[in-house]
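Here is the structure we will look at, set down as C-alpha cells.
Just so it is clear: chains get the letters A, B, ... in the order the sequence lines come, proteins before strands, and each one is counted from 1.
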Number of protein chains: 2
Amino acid sequence: MEFKHQATVTLAEVAEAAGVGESTVSRVLRNHGSFSGKTRDRVMAAVERLGYVPNRIAGTLASTASRLVAFVIPSLSNIVFPDVLRGASAVLEENRYQAVFSVTDYDPGKEEALAAAMLAWRPAAVMLAGYEHTEGTVKMLRASGCRIVELLDLDGDALDLAVGFSNRAAGRESAAFLLKRGYRRIGYVGHDLNRDTRASKRFSAFCETLGAHDAPLADREILSGASSVENGRLGLERLLARTPDLDAVYFSNDDMALGGYFHCLARGIAIPSQLAIFGYNGLDIGRATPQPLSTIRTPRVATGQVAAQLVITNAPSQVVDLGFELIEGATA
Amino acid sequence: MEFKHQATVTLAEVAEAAGVGESTVSRVLRNHGSFSGKTRDRVMAAVERLGYVPNRIAGTLASTASRLVAFVIPSLSNIVFPDVLRGASAVLEENRYQAVFSVTDYDPGKEEALAAAMLAWRPAAVMLAGYEHTEGTVKMLRASGCRIVELLDLDGDALDLAVGFSNRAAGRESAAFLLKRGYRRIGYVGHDLNRDTRASKRFSAFCETLGAHDAPLADREILSGASSVENGRLGLERLLARTPDLDAVYFSNDDMALGGYFHCLARGIAIPSQLAIFGYNGLDIGRATPQPLSTIRTPRVATGQVAAQLVITNAPSQVVDLGFELIEGATA
DNA sequence: AAAGAAAATGGCAGCGCTGCCATTATTGGC
DNA sequence: GCCAATAATGGCAGCGCTGCCATTTTCTTT
C-alpha cells in the first residue's frame with residue numbers, strides 16, 4: 001500500500017461535494033454570516049463524509065487574525081509555570097485559542113531568541129514571566145503589535161498587560177509575619193537569584209523589612225542551582241553549621257522550605273520552637289506535611305486564567321493584582 | 001500617537017530594500033540553496049534595518065512542511081507531563097520546531113476534540129499519552145498522515161511511534177520487590193483509575209504478581225479525585241482504619257506515597273518496620289525526605305527527548321522502551 | 001579565448017483559506 | 001401581485017511565503 005503523507009481534503013473539495021460555493025462552506029464552518037439550514041446540513045454532511053479538517057494555517061494567513069497565544073516561560077520544573085499554563089490553557093481551549101510555548105531556562109538571551117521565534121507565528125499575544133527582559137526583546141515585542149502579557153510580577157513597569165502580584169509585598173509580609181511571631185535571628189536559604197529575579201525581589205524586600213525593625217538578616221545561604229527540595233535541605237544544613245543560633249529561616253520557595261523541613265525532621269530539630277520555617281508559593285504538599293508549612297500562597301492558576309481572559313477579550317492595557325495569601329501553617 | 005496593530009514587514013519589502021529578488025531573501029534566511037556572501041550581507045542588513053520577522057504561518061502554508069509538534073496531554077498537575085514537555089521542548093527548540101499543547105483532563109472525549117483542533121494546525125506530529133484513545137481519535141489521526149507518538153506506555157499496540165516503558169512491568173517489579181522483602185499483608189492506595197489507565201495497568205499487574213505468590217492484595221482504598229499528597233494521606237488513613245494489620249502499602253504515585261509517609265510521621269507509625277511504603281515515579285522530593293522513598297523512577301524527561309528526536313529525524317514506526325529503575329529507598 | 005559547468009539569482013504560480021463585493025433567491029408590506 | 005428589503009450565495013483576489021524553472025553571471029578547463 002502506498003504511503004500518503006497528507007490526505008489533504010480542502011475546503012474547495014467540500015464545496016464541490018456539497019454543491020455550494022467555497023465561501024458558503026467557510027461561513028457554515030465558522031458559523032459566521034448567513035446561510036440556510038438546508039445548506040448547513042448539506043455542508044456538514046460533506047465535511048463528515050470527506051473527513052475534512054480545516055487548515056488553520058491557511059485560515060490564519062488569510063484572515064491575519066491569529067488565535068495563537070505564545071508562552072515564553074523560564075522553566076517547566078518550577079511548578080509555578082505549569083500551573084500558569086494550566087489556568088491559561090483551560091480558558092484558551094474554551095475559546096478555540098491555541099497555546100504554544102517555549103522554555104528559556106531563565107536565560108534572558110534565550111528569551112530573546114525564543115520570543116523572536118514565537119513572533120514568527122504571529123500570535124495574538126505573547127506571555128512572559130516578569131518584567132526583566134533584554135532591550136532587544138522589548139523592542140521586538142513592541143514592534144510586533146501583538147499583545148504582551150507579563151506574568152507573576154508587578155514590581156516594575158508593564159509593557160502592556162500584567163497579571164500577578166507584588167513579589168516585594170510577599171517578601172515584606174513574610175518578614176512582618178516572622179517578626180510579629182517574635183523571631184529575631186532570621187536567616188535565608190535561596191536558590192540562584194541572578195536568574196530568578198522574582199525571588200530576588202522577595203528577598204530584598206524581606207531584608208529591608210527586617211532591617212527596618214532592627215532585626216537584620218542574620219545569615220544567608222544561596223545555592224547555585226535551581227530551586228529544589230534537595231538544595232533546600234543542603235542549604236539549611238550549611239546555614240546552621242555556620243550560624244547555629246538562628247530562630248527562623250525564610251526560604252526562596254516551598255520546595256526549598258520542604259527540604260529544610262525534612263532536614264529538621266531528620267536531625268530532630270523541633271519546629272517551630274527550635275527553628276521556624278517559612279516558605280513561598282503555597283504548594284499543596286505543604287498542607288499535607290505533619291505540620292502544615294507556613295508560607296505564602298500565590299494565585300498561579302488564576303494568573304493564567306486572567307491573563308488568557310484579558311487577551312481573548314482584547315482588554316485595554318492594564319495591571320491586574322491578584323494578591324496572595326499568607327498561610328500561617330505550623331512551622332513558624 | 002496612532003496604534004498600529006501589525007507593523008508587518010514582508011519578505012517582499014526586504015527584497016526591495018536589499019535590491020534582490022524575493023527568492024534570494026528566502027534562500028539567505030533559510031540558509032538553503034546558493035547565494036554569494038555579498039548578497040547575504042546586503043539581505044541581512046535590510047532585515048536588520050527593517051526589523052523583519054519572517055512569517056512562519058505563510059512559510060508553513062507555502063511549503064506544506066510543518067515544524068509544529070502538538071502535545072495532547074491529560075494534565076499539567078501531574079508532574080509527569082511537564083517533565084515530558086520539558087524533555088521534548090529542549091530538543092524541539094534546538095531544531096527550530098515549535099511545541100503546541102492542550103490538556104484533556106483525562107477525558108477521552110476531550111482528547112478527541114482537542115486532537116481534531118490540533119490537526120487543524122497541520123503539525124508534523126501529535127504526541128499523546130498512552131494507548132487508550134477513542135475510535136474517532138484513532139481514525140482522525142490515521143487519516144491526517146502526520147506522525148503519531150504515544151508516550152509513557154508500552155502495554156498495547158502502537159499506532160506509529162511509541163516511547164516509554166511498561167507500566168505492567170513496573171507494577172510487577174514493585175510487587176516482586178515487596179514480596180522479596182518479606183511483606184505479605186499488602187494494601188493499595190490509589191487515585192481514580194478509570195481515568196488514568198496507566199496507573200490501572202500498574203495496579204492490575206501488581207495484584208496479579210501478589211496473587212501468583214500467594215499473597216493476594218489485602219485491601220485497597222481508591223480515591224475519586226486526582227493523585228495528590230492529601231489524597232494519599234487520606235487514603236492511607238482510611239485503609240488502616242479498615243485493615244490495621246497491613247505490613248506494606250503500594251501507592252499509585254509518589255505524591256500519594258508522600259501523603260502516606262506524612263500520615264505515618266504524624267501518627268508515629270514506624271517506617272518501614274511497622275508499615276512499608278512504596279511509590280511510583282521517582283520524584284526528586286522522595287529522595288530528600290528523612291527516609292528516601294522506595295519507588296520506581298520513570299524516564300519522564302528522556303521520554304520527551306526521545307520522542308522529539310524520533311519525530312525530527314522522521315524515524316520509521318517503532319516502539320522505544322526506555323525502561324525504569326527501582327529505587328530501594330528506606331521506606332520498604 | 002571559447003565552451004561548458006557551476007553558481008547566483010529572479011519570476012511567478014500556487015499553498016488553502018477569508019473578506020469583500022456582486023449577484024440571486026426570499027420575504028414582507030400595502 | 002409589485003417592489004423594496006433582507007437573506008443566501010458565489011466568485012475571486014489576496015494573505016506572505018516557498019518551490020520550481022528559467023535566466024544570468026562567474027568560474028574552469030582546454
Side-chain angles (χ1 to χ4, degrees), chain A residues 5-44 46-47 50-68 96 119-124 144-145, chain B residues 5-44 46-47 50-68 96 119-124 144-145:
Chain A
H5 189 60
Q6 296 280 40
T8 315
V9 180
T10 67
L11 184 141
E13 296 176 61
V14 175
E16 167 90 72
V20 300
E22 295 182 32
S23 345
T24 303
V25 177
S26 176
R27 275 187 290 257
V28 170
L29 288 175
R30 284 178 298 153
N31 193 30
H32 174 277
S34 60
F35 46 83
S36 68
K38 195 176 47 176
T39 308
R40 188 195 53 233
D41 296 343
R42 286 243 301 281
V43 169
M44 293 317 278
V47 164
L50 302 180
Y52 172 67
V53 177
N55 184 333
R56 291 190 76 177
I57 297 279
T60 304
L61 179 62
S63 72
T64 64
S66 166
R67 280 184 182 249
L68 281 174
R96 310 197 330 122
L119 287 178
W121 291 102
R122 298 295 188 267
S144 77
Chain B
H5 190 59
Q6 295 280 41
T8 316
V9 180
T10 67
L11 184 140
E13 297 176 61
V14 174
E16 167 91 72
V20 302
E22 294 182 33
S23 343
T24 302
V25 176
S26 177
R27 274 186 291 257
V28 170
L29 288 174
R30 284 179 298 153
N31 192 30
H32 173 279
S34 60
F35 46 84
S36 68
K38 194 176 49 178
T39 308
R40 188 195 54 233
D41 295 344
R42 287 244 301 280
V43 169
M44 293 315 280
V47 164
L50 301 179
Y52 172 68
V53 177
N55 184 333
R56 289 189 76 175
I57 297 278
T60 304
L61 180 62
S63 72
T64 65
S66 166
R67 280 184 182 247
L68 282 174
R96 309 196 332 121
L119 287 178
W121 292 102
R122 299 293 187 269
S144 76

Check whether any side-chain heavy atom of A:Y52 sits under 4.5 Å from a side-chain heavy atom of A:L29, and report yes or no.
yes

Value for OG (B:S23) from CZ (B:F35), rounded to nearest 0.5 Å, stands at 13.0 Å

* Asked: Taking only N and O in the side chain of A:S26, is any of them less than 4.0 Å away from OP1 or OP2 of C:dC17?
  -> no

When rounded to the nearest 0.5 Å, the distance separating CG of A:L61 from CG of B:N55 is 6.5 Å

For a quick check of understanding: with a heavy-atom distance under 4.0 Å over all strands, which category does A:R56 fall into, base, sugar-phosphate or nothing? nothing

**Message:** Do A:R122 and B:V53 make a side-chain contact, defined as non-hydrogen atoms from C-beta onward lying under 4.5 Å apart?
**Reply:** yes

Checklist entry - With distance as the sole test, does B:S63 use its side chain to make a donor-acceptor pair with the main-chain N or O of B:G59 at under 3.5 Å? => result yes

Please list each protein N or O that sits under 3.5 Å from an N or O in nucleotides 22-27 of chain C, with the distance.
none

Here the distance between atom C1' of C:dA8 and atom CZ of B:R42, to the nearest Å, is 12 Å

Determine yes or no for a side-chain-to-main-chain donor-acceptor pair under 3.5 angstrom, with A:R42 supplying the side chain and A:A18 the backbone.
yes

Taking atom CD of B:E16 as the centre, does the number of heavy atoms from other residues, nucleotides or ligands within less than 6.0 Å exceed 12?
no

Tabulated below should be each protein N or O lying under 3.5 Å from an N or O of nucleotides 13-16 of chain C; please produce it.
| from | atom 1 | to | atom 2 | distance (Å) |
| --- | --- | --- | --- | --- |
| C:dC15 | O2 | B:A62 | N | 3.2 |
| C:dG16 | N2 | A:A58 | O | 3.3 |

- Base, sugar-phosphate, or nothing: which does B:S36 touch, judged by heavy atoms less than 4.0 Å apart? sugar-phosphate

Atom CZ of B:R67 and atom P of D:dT18 are separated, to the nearest Å, by 12 Å

Using side-chain heavy atoms (C-beta onward) and a distance below 4.5 Å, is A:R27 in contact with A:T24? yes

Here the distance between atom C1' of C:dG10 and atom CZ of B:R27, to the nearest Å, is 8 Å

Phosphate OP1/OP2 of D:dT9: any A:S23 side-chain N/O under 4.0 Å:
no

Query - Touch class at under 4.0 angstrom, heavy-atom based, for A:T60 against every strand present - result: nothing

_Run the side chain to side chain contact (heavy atoms under 4.5 Å, CB included) test on B:T60 and A:W121 for me, step by step, so that the C-alpha distance in whole Å, both residues' side-chain angles and the decisive distance to 0.1 Å come before the verdict._
CA-CA 10 Å; B:T60 304; A:W121 291 102; 3.6 Å; yes

Here the distance between atom C1' of C:dT18 and atom CG of A:N31, to the nearest Å, is 16 Å

